[in-house]
Amino acid sequence: MASTGTTWKLADHPKLPKGKIIAVVVLDGWGEASPDQYNCIHVADTPTMDALKNSAPDRWRLVRAHGTAVGLPTEDDMGNSEVGHNALGAGRIFAQGAKLVDVALASGKIYEDEGFNYIKESFANNTLHLIGLMSDGGVHSRLDQLQLLLKGASERGAKRIRVHVLTDGRDVVDGTSVGFAETLEKDLAELRGKGIDAQVASGGGRMYVTMDRYENDWEVVKRGWDAQVLGEAPHKFKNAVEAIKKLREAPNANDQYLPPFVIVDENGKPVGPIVDGDAVVTFNFRADRMTMLAQALEYEKFDKFDRVRFPKIRYAGMLQYDGELKLPKHYLVSPPLIERTSGEYLVNNGIRTFACSETVKFGHVTFFWNGNRSGYFNSELEEYVEIPSDSGITFNVQPKMKALEIGEKARDAILSRKFDQVRVNIPNGDMVGHTGDIEATIVACKAADLAVKMILDAIKEVSGIYVVTADHGNAEDMVKRNKKGEPLVDKDGKVQIQTSHTLQPVPVAIGGPGLATGVKFRKDVPNGGLANVAATVMNLHGFVAPDDYETTLIEVVD
Ligand SMILES: O=C(O)[C@H](O)COP(=O)(O)O
Ligand SMILES: [Mn+2]
Ligand SMILES: [Mn+2]
């Protein structure tokens, strides 16, 4: 792989010892914001995290977790798990998918590269299908990128285009999918005006249709397959706007969980099943929620569900989603090459590593942490444990999720003394925060805090060190706000719930009996971000980070 030729040996830290057991805890979706009733972390009973903040001012600080600090195009881009864990694990800031696609579209290079030329072969006689998240959240995809791709493909010979939309409501406010569909339908109508046969062909809510991750529930992908490929779904409509409006009328309906639908013609026939000879692009740039569909579209041998029909297509991802598996083989934009991650360095320096989360976040502390790479660097020194997540429910129903099980696994790994680093992701603040259910998110934050306590207690027993941080905000702010920071209300006077991540900074806390007395946070890295954490952790393991890593957050005063 890309890392060959690297000198893996890390220099010894001049002042910090080796041999301490270090817990690295990532609270997913746990930012810092002003205390009010919509800050679930503030409202929840979180004595452990409160103590970290209040009892050791030199060992608690905030770092940036959004925008350019994590390789996103602008400071208006909220953080997310992919870019957050990439930065935490890699110790450097890489231009991320969102940015790379922007650049490739702006320069036109996207149309010159292998991926586009590969799918283009189908344009003359077949259909181009575009499948992905219809949103301007910028986490998995962006509508403006889809619009540019539609324009670019049609200008370069695509005569028949079908878009398979997934509605969001998770990275953007619930209900906004109607507006996105209106924009898209208008663009498609314009293309039709130019003689291009362009339509939406199917759709469904992202969490119920297609965008599962880490193989938590293949049924989700199957529902999408049936609509997108087979043209079969329980609901049939004439266009996407009508579909989404109608389906949202059902009690408790929301964008994230809309049922699958297909668009049919005047004879009731689906307008866009995927058939032999067609080209397909999955236009999400982010990997975790696209790899399952990518497997279904690409793998000849496949046993996750009955595909019924496996069309011979030309398939390309917006990016290659898994560099190790080379999945998919064809892609429009090269993914960021994130090599020489801290995990790989530390393992090569003998650090025995344990990583754990539940299914819905498992790849975050493994795949994303290791630079979008699946598998072990050295299976003798590493153990990754996945605790099965609940499936088929929304997480406000079980807001404690598997936090305690993760805490127990981490505790046992720490107490076993078999590992030098025990790394976990505790999902609750994020996964429950995304439901927009404030009561449940408060319960979630308390559960996460309890899991942290279990881990810190174990660290105490082995005289170890802890680093507690987060990947981006979510649970600390559950409402949309105006520029003055006041909650926005809708036309019925109800506060506008925010299901998405935030732009808030996140905490980093260090401590534990194994932490040398003179260690404290430096004052000269005021703009530190998540990427500064890797060098910090390397120092605590007794090593100096490589020169090109973002600087450490700590100093050792005598
Ligand atoms: O995929 C998701 O669940 C959201 O779009 C982003 O959440 P995450 O970045 O915390 O996974
Ligand atoms: Mn996250
Ligand atoms: Mn999230």
Check whether any side-chain heavy atom of C445 lies under 4.5 Å from a side-chain heavy atom of W30, and answer yes or no. yes
Show the nearest heavy-atom pair for residues Y549 and T341, with the distance to one decimal. OH-C, 3.1 Å
Residue that, paired with H140, satisfies side-chain contact (heavy atoms from CB on, under 4.5 Å) out of R170, E82, R289: R289
Provide the closest heavy-atom pair for A545 versus N539 in the form atom of the first, atom of the second, distance. N-ND2, 4.1 Å
Measure the spacing between OG of S391 and CG of D212 and express it to the nearest 0.5 Å. 8.0 Å
Flag for D430-S81: side-chain donor and acceptor within less than 3.5 Å: no
Spell out, as yes or no, whether a donor-acceptor pair under 3.5 Å connects the side chain of T536 to the backbone of L553. yes
Check for a donor-acceptor pair, side chain of T183 on one end and backbone N or O of G179 on the other, with a separation under 3.5 Å. yes
Under 3.5 Å donor-acceptor, H164 side chain and G203 backbone: no
Let me see the working for R59 and L515 under side chain to side chain contact (heavy atoms under 4.5 Å, CB included), right down to the final yes or no. CA-CA 10 Å; R59 293 176 169 186; L515 189 61; 3.3 Å; yes
Taking all non-hydrogen atoms of both residues into account, name the closest pair between V209 and G224 and its distance. CG1-CA, 3.5 Å
Is the shortest side-chain heavy-atom distance between M478 and V43 below 4.5 Å? no
Check N80, V139, D136 against D171 for a side-chain contact (heavy atoms from CB on, under 4.5 Å) and give me the one that passes. V139
Any side-chain to backbone donor/acceptor pair from S389 onto V360? Under 3.5 Å, distance only. yes
Distance check, rounded to the nearest 0.5 Å: N39 atom CG versus S34 atom OG? 8.0 Å
Using only atom types and a distance under 3.5 Å, with no angle test, would you say the side chain of R64 pairs donor to acceptor with the backbone of V70? no
Determine whether a donor-acceptor pair (N or O, by modelled atom type, separation under 3.5 Å) exists between the side chain of R423 and the backbone of V365. yes
Looking at D492 and K494, is there a salt bridge between them, counting it only when a charged N and a carboxylate O are closer than 4.0 Å? no
If we ignore angles and hydrogens, is there a donor and acceptor under 3.5 Å between the side chains of D390 and Q398? no
Would you check if L150 and V163 make a side-chain contact, meaning some heavy-atom pair closer than 4.5 Å? yes
Apply side chain to side chain contact (heavy atoms under 4.5 Å, CB included) to the pair D322 and F367, showing each step before the final yes or no. CA-CA 9 Å; D322 190 322; F367 177 81; 3.6 Å; yes
Under the side chain to side chain contact (heavy atoms under 4.5 Å, CB included) rule, what do V452 and M49 come out as? Steps first, then yes or no, please. CA-CA 8 Å; V452 177; M49 291 301 289; 4.2 Å; yes
Between R206 and D255, does any side-chain N to carboxylate O distance fall below 4.0 Å? no
Could you check whether the rings of F368 and Y214 sit parallel, tilted or perpendicular, using 30° and 60° as the cut-offs? perpendicular
Under 4.0 Å between a Lys/Arg side-chain N and an Asp/Glu carboxylate O for E555 and R522? no
Once salt bridge (charged side-chain N to carboxylate O under 4.0 Å, His left out) is applied, do any residues pair with E32, and if so which ones, sequence neighbours excluded? K53
Any non-hydrogen side-chain atom of I414 less than 4.5 Å from a side-chain atom of I459? yes
Tell me whether E344 contacts the main-chain N or O of F377 through its side chain, where contact means a donor paired with an acceptor under 3.5 Å. no
Shortest non-hydrogen contact from V443 toward P399: CG1-CG, 3.7 Å
Are any of the side-chain nitrogens in K409 or E386 under 4.0 Å away from the carboxylate oxygens of its partner? no
Should we say atom OH of Y345 is surrounded by more than 12 heavy atoms from elsewhere, each under 6.0 Å from it? yes
Report yes or no: does N370 contribute a side-chain atom to a donor-acceptor pair with the main-chain N or O of G89 at less than 3.5 Å? no
Expected output: side-chain N482 to main-chain K484 donor-acceptor under 3.5 Å: yes
Are Q320 and S334 linked by a side-chain donor-acceptor pair shorter than 3.5 Å? no
Report the residue from L184, L143, L133, L130 that forms a side-chain contact (heavy atoms from CB on, under 4.5 Å) with V165. L184
Within the side chain of D45, is there an N or O that forms a donor-acceptor pair under 3.5 Å with the backbone of K446? no
Distance-only side-chain donor-acceptor flag, Q504 / D477, under 3.5 Å: no
Only residue of I351, V537, L16 satisfying side-chain contact (heavy atoms from CB on, under 4.5 Å) with F543 is I351
Hey, what do you get for NE2 (H501) to CD (E476), rounding to the nearest 0.5 Å? 10.0 Å
For I455 versus A23, what's the shortest heavy-atom pair and its separation? CG2-CB, 3.6 Å
Should R248 and D174 count as an ion pair when the cut-off is N to O under 4.0 Å? yes
Tell me, with the steps shown, if M211 and N284 meet side chain to side chain contact (heavy atoms under 4.5 Å, CB included). CA-CA 10 Å; M211 281 175 62; N284 286 14; 3.6 Å; yes
Closest heavy-atom pair, P526 versus D524, reported as atoms and distance to 0.1 Å, is CD-C, 3.2 Å
Salt bridge or not for D102 and R142, using N-O below 4.0 Å? yes
Spacing of H364 atom NE2 and T366 atom OG1 [to the nearest 0.5 Å]: 9.5 Å
Side chains of P507 and V468, heavy atoms from C-beta outward: is any pair under 4.5 Å? no
How long is the straight-line distance from OG1 of T552 back to CG of N532, given to the nearest 0.5 Å? 8.0 Å
Would you indicate whether the side-chain heavy atoms of Y257 and T394 approach each other to under 4.5 Å? yes
Donor-acceptor pair between D77 and T74 side chains, under 3.5 angstrom: yes
Under 4.5 Å between any side-chain heavy atoms of V556 and H13, yes or no? yes
Working to the nearest 0.5 angstrom, can you tell me the gap between F354 CZ and Q421 CD? 12.0 Å
Determine the interplanar angle of the Y111 and F116 rings, folded into 0 to 90°, and report it as parallel if under 30°, tilted if 30 to 60°, perpendicular if over 60°. perpendicular
Is any side-chain heavy atom of R340 less than 4.5 Å from a side-chain heavy atom of R92? yes
Give a yes or no on whether a salt bridge exists between R481 and D36, defined as a side-chain N under 4.0 angstrom from a carboxylate O. yes
